[in-house]
Protein chains: 2
Amino acid sequence: MVNRLHGGGVLVTIRDVAKEAGVSTATVSRVINNKGKITKETQAIVERAIKDLSYTPNVLARSLSNRKSYAVAFIVPTITNPFFPEMARAVEDVARDNGYNILLCNTDDKRERFAEYITSLTSQFVDGIIVNSHNMEKSDLEALQKHNIPVVMIDRVLDSDLATSIAVKNREGARMATEHLVEIGCERIAHISGMEEEWNSAQRMWGYRDVVGDLPWFDQSWIGKAAFNVHSGYQVAKEIFSRHPEVDGIFCANDLIAIGTVKAAYEWGKKIPNDLAIVGFDGINMSEQTVPSLTTVLQPIYDMGQLAMEELIKKMEDKEEKPKKYVLDVDLLIRESTMRSSTLQKDI
Amino acid sequence: MVNRLHGGGVLVTIRDVAKEAGVSTATVSRVINNKGKITKETQAIVERAIKDLSYTPNVLARSLSNRKSYAVAFIVPTITNPFFPEMARAVEDVARDNGYNILLCNTDDKRERFAEYITSLTSQFVDGIIVNSHNMEKSDLEALQKHNIPVVMIDRVLDSDLATSIAVKNREGARMATEHLVEIGCERIAHISGMEEEWNSAQRMWGYRDVVGDLPWFDQSWIGKAAFNVHSGYQVAKEIFSRHPEVDGIFCANDLIAIGTVKAAYEWGKKIPNDLAIVGFDGINMSEQTVPSLTTVLQPIYDMGQLAMEELIKKMEDKEEKPKKYVLDVDLLIRESTMRSSTLQKDI
DNA sequence: CTGAAAGCGCTTACAG
DNA sequence: CTGAAAGCGCTTACAG
């Protein structure tokens, strides 16, 4: 009764265990899952047999019976942006504690890639989805809903009551960042934003405009558009330097852009923070570890991942029906890139 | 015949499609999988029905029948080390092109966590495993083998013919790095190594010793032990500075440690590269984006991930039996952190 | 070219 | 407390 696989391995099934223990498969299933009443003796016998045959249950078969795979998809633009690994850790920590596995999906912000994932994930393979992408459309949410797959969206509020969403006060954070630059004496403050299609990116730009939008020197040319990565930040910062050599403060839409801006400033000969003060957004670990360390708007990255997974579990396990909307607070972390009058070396 | 899920959703099965099209489930299965001969007409009818019911096959059921889940585990110490996201992208790119999904597993270098994953993964949930961890033991490989789950190990050569391994010339790379420091004039060269249990970490240390081990000033106190992250590198660098203020070059076992060393040097008032030249290892993207940019030993990170997944696919699809051992070349990338006589600003 | 039926390895009402 | 049997949703020899 033991199946030989073509590869040469041997697959022990619940049937083999039942035979070995002299009981039915139902009984074996019960001891494995600790369900129903069983006498100490039969339990011992079954456990003995499981050990002897070094049996491990086939989770695929179990999943099919239970209609539950204990797998969850984590969809991100790209895991190479350090923001997402930090969040992934939180998601995975909660997932593991609850017996779930994480499927990693990178979309590169491409609608096509995203749509492929949604299609493949609706095939009953995952029990739920955590998504961090501006590619989600209403129709996706409906398809997911139809297949009974709950969704938690992070950092992206698609206005829908089909999914729980978790975001931060992007606009307020951006305002804090820009006001901080004003307070330390910056008089020409530029902004490097992320892609306009990104909701959070747009919010951060508006926060910046809330502060400088009415000042006499301001016009659109003070806003540069970058992608959320270092290289793009570096390039756009240089464009701003040549357009506005008098710039003395930059609020960057994320920390990676800020790191690129630091590099551009260094090459351009601008001293940080005295010639140019820089503020980032996100509060990734790296923001503290660069030279100079970055002033930034801290999102509670780990907490967001944790909350997302916890909410998703509630929905998957049917204890909750109504999607919720979280909007979390952010903090301004003041570090070297804006510390003009500190005891630290003033410039790099 | 349509099943109503408790959540309110509706699950369309192959049976519903068959009924709708007036054919057997076997036929539906054949058109879905493009197997066997079918007339154009029945195919059209079936496709019509699939569309009308917006049917998607249940991959769990398919997996159970096929004994193939099209899922692969990617096991890493922690995805927050940027080395792994870069590799994960390669793995996922190849995986996606071949219809596989990636399960993300962080072990934090803990044997216990690792063992839990191995146990859970042997339950037929994944078709193969790519592992980057020094926690793998011979018994794990045997268990995996027993369950017919092929393994590719990266950056870690556990001497076994049960798994394919992919590594780089760690010792040679370390030698190149240290020799480079000698060549630019460093006379007291320290090393900050990773954890000793790590095979690659040990190799890099030996490469360093190959170059400086016989010099009169050398002793064990020139080697600091860190974990593979920025904060640890920062701390150990400071220890070295106070133990050996005369240090003028440091070879760090990875780029994160090097980034921490840059920060420590900055705080300590040591100018890079003239007071202190620094070389890292790995060649993560960030190594190019710091100020100063880091001289480093470049591993072909993306290629390694790609190769790993390609090899794994071969093994999963049974075209290959014999495990292989790859040992790839590395390159020394010379950048600002060791450019003592360049036209760049000399110091930061 | 197509269908009836058995099988993948579990789980779980339903009896007893 | 335990077992026989049906079912989860697919796939695939085997007939025809």
Side-chain angles (χ1 to χ4, degrees), chain A residues 1-6 9-46 49-50 53 55-70 122-125 127 147-148, chain B residues 1-6 9-46 49-50 53 55-70 122-125 127 147-148:
Chain A
M1 257 305 113
V2 166
N3 299 296
R4 253 148 236 297
L5 297 180
H6 56 320
V10 174
L11 220 185
V12 179
T13 73
I14 197 172
R15 223 183 200 127
D16 302 316
V17 175
K19 191 152 292 178
E20 174 81 8
V23 298
S24 73
T25 59
T27 301
V28 176
S29 174
R30 284 184 192 110
V31 347
I32 293 169
N33 299 299
N34 234 317
K35 266 184 188 166
K37 307 271 169 194
I38 21 175
T39 55
K40 285 252 181 293
E41 294 94 60
T42 49
Q43 173 163 4
I45 297 174
V46 171
I50 288 175
L53 301 177
Y55 164 74
T56 57
N58 180 321
V59 295
L60 242 32
R62 172 183 294 174
S63 296
L64 184 58
S65 265
N66 290 339
R67 290 145 168 274
K68 194 149 173 33
S69 68
Y70 280 96
T122 48
S123 300
Q124 322 301 323
F125 191 67
D127 295 337
H147 287 271
N148 229 259
Chain B
M1 259 303 113
V2 167
N3 299 295
R4 254 149 233 296
L5 298 179
H6 56 322
V10 173
L11 221 185
V12 179
T13 74
I14 198 173
R15 223 186 200 123
D16 302 316
V17 176
K19 189 151 296 178
E20 175 82 7
V23 298
S24 73
T25 60
T27 301
V28 176
S29 175
R30 284 184 192 109
V31 347
I32 292 168
N33 299 300
N34 234 318
K35 265 183 188 166
K37 307 272 170 195
I38 20 175
T39 53
K40 284 252 180 295
E41 294 95 59
T42 49
Q43 172 163 5
I45 296 174
V46 171
I50 288 174
L53 300 178
Y55 164 73
T56 57
N58 180 322
V59 295
L60 242 31
R62 172 183 295 173
S63 296
L64 184 59
S65 264
N66 290 340
R67 291 144 168 275
K68 194 149 174 32
S69 69
Y70 280 96
T122 49
S123 301
Q124 323 300 324
F125 192 66
D127 296 337
H147 287 271
N148 227 259

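Numbered from 1 within each chain, the chains take letters A, B, ... in sequence-line order.
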Q.
The side chain of B/Pro57 is closest to which nucleotide in this list: D/dT11, D/dC10, D/dA4?
A. D/dC10
Q. Out of C/dT12, D/dT11, D/dG9, which nucleotide sits closest to the side chain of B/Ala61?
A. D/dG9
Q | Separation of atom CD1 in A/Ile45 from atom P in D/dC1, rounded to whole Å | A | 15 Å
Q. Does B/Asp16 use its side chain to pair, donor to acceptor, with the backbone of B/Val12 at less than 3.5 Å?
A. no
**Q.** DNA chain C: 5'-proximal contact among B/Gly22 and B/Leu64 (nearest heavy atom)
**A.** B/Gly22
Q: Mind calculating the distance between CG (A/Asn58) and P (C/dC8) to the nearest angstrom?
A: 11 Å
Q: Keeping the roles fixed (side chain from A/Ser69, backbone from A/Phe125), state whether a donor-acceptor pair exists under 3.5 Å.
A: yes
**Q.** Gap between atoms CD1 and C1', on A/Ile50 and C/dC10 respectively (whole Å)
**A.** 13 Å
(Q) Tell me the interatomic distance from A/Ile14, atom CD1, to C/dG7, atom C1', rounded to whole angstroms. (A) 16 Å
Q) Are any of A/Thr39's side-chain N or O atoms less than 4.0 Å away from OP1 or OP2 of D/dT2? A) yes
Q: Look only at the side chain of B/Asp127 and the backbone of B/Lys68, and say whether a donor-acceptor pair between them is shorter than 3.5 Å.
A: no
Q | P gap between C/dC1 and C/dA5, integer Å | A | 23 Å
Q | Heavy-atom pair of closest approach, residues A/Tyr55 and A/Thr13 | A | CE1-C, 3.6 Å
Q) Just by modelled atom types, is the B/Arg15 backbone N or O under 3.5 Å from a matching donor or acceptor in the B/Thr25 side chain? A) no
Q: State, to 0.1 Å, how close A/Ala49 and A/Ala21 come at their nearest heavy-atom pair, and which atoms those are.
A: CB-CB, 3.9 Å
Q. Counting just side-chain N and O atoms, does B/Lys35 come under 4.0 Å of either OP1 or OP2 of D/dT12?
A. yes
Q) If you look at every heavy atom in B/Ser123 and A/Thr56, which pair is closest and at what distance? A) OG-CB, 3.9 Å
Q | Whole-Å distance separating the CD1 atom of B/Ile38 from the P atom of D/dT12 | A | 14 Å
Give every pair of a protein N or O atom and an N or O atom of nucleotides 13-16 of chain D that lie under 3.5 Å apart, one pair per line with the distance.
unit_1 : atom_1 : unit_2  : atom_2 : d
D/dA13 : N6     : B/Arg30 : NH2    : 3.2

Q) Considering all heavy atoms of both residues, which atom of A/Ala61 and which atom of B/Leu64 are nearest to each other, and what is their separation? A) CB-CD1, 3.8 Å
Q. Is A/Thr42 near enough to D/dC1 that one of its side-chain N or O atoms lies under 4.0 angstrom from OP1 or OP2?
A. no
**Q.** Sequence-distant partners of A/Ile38, side-chain contact (heavy atoms from CB on, under 4.5 Å), two or more places apart
**A.** A/Thr27, A/Val31, A/Thr42, A/Gln43
(Q) Side chain of A/Arg67, heavy atoms from C-beta onward: which of C/dG3, D/dT2, D/dG9 has the nearest atom to it? (A) D/dG9
(Q) Tell me whether A/Asn58 contacts the main-chain N or O of A/Leu60 through its side chain, where contact means a donor paired with an acceptor under 3.5 Å. (A) yes
Q) Counting side-chain heavy atoms from CB outward, which of C/dT2, C/dG3, D/dT2 is closest to B/Val23? A) C/dG3
(Q) Under 4.0 Å, counting only non-hydrogen atoms across every strand here, what does A/Ser29 touch: a base, just sugar-phosphate, or nothing? (A) base
Q: Quick one: stems involving DNA chain C, counted as three or more successive Watson-Crick or G-U pairs, both distances short of 3.5 Å.
A: C:1-3 with D:14-16, C:5-12 with D:5-12, C:14-16 with D:1-3
Q | Distance, rounded to the nearest Å, where B/Leu53 contributes CG and D/dG9 contributes P | A | 15 Å
Q: Return the value, rounded to whole Å, for the distance between atom NZ of A/Lys19 and atom P of D/dA4.
A: 12 Å
(Q) For C/dG9, does the base pair up with any side-chain atom of A/Thr25 as donor and acceptor (N or O, under 3.5 Å, distance only)? (A) no
**Q.** Phosphate-side-chain proximity, A/Thr27 and D/dT2, N/O vs OP1/OP2 below 4.0 Å
**A.** no
Q) Any side-chain N or O of B/Arg62 under 4.0 Å from OP1/OP2 of D/dT11? A) yes
Q) What is the distance, rounded to the nearest whole Å, between atom CG of B/Asn66 and atom P of C/dG9? A) 12 Å
Q | Value rounded to 0.5 Å, distance of CD1 in A/Ile14 from CZ in A/Arg62 | A | 8.5 Å
Q. From D/dT11, C/dA4, D/dA4, pick the nucleotide closest to the side chain of A/Ser24?
A. D/dA4
Q. Counting side-chain heavy atoms from C-beta on, which of D/dC8, C/dC8, C/dC1 comes nearest to A/Ser65?
A. D/dC8
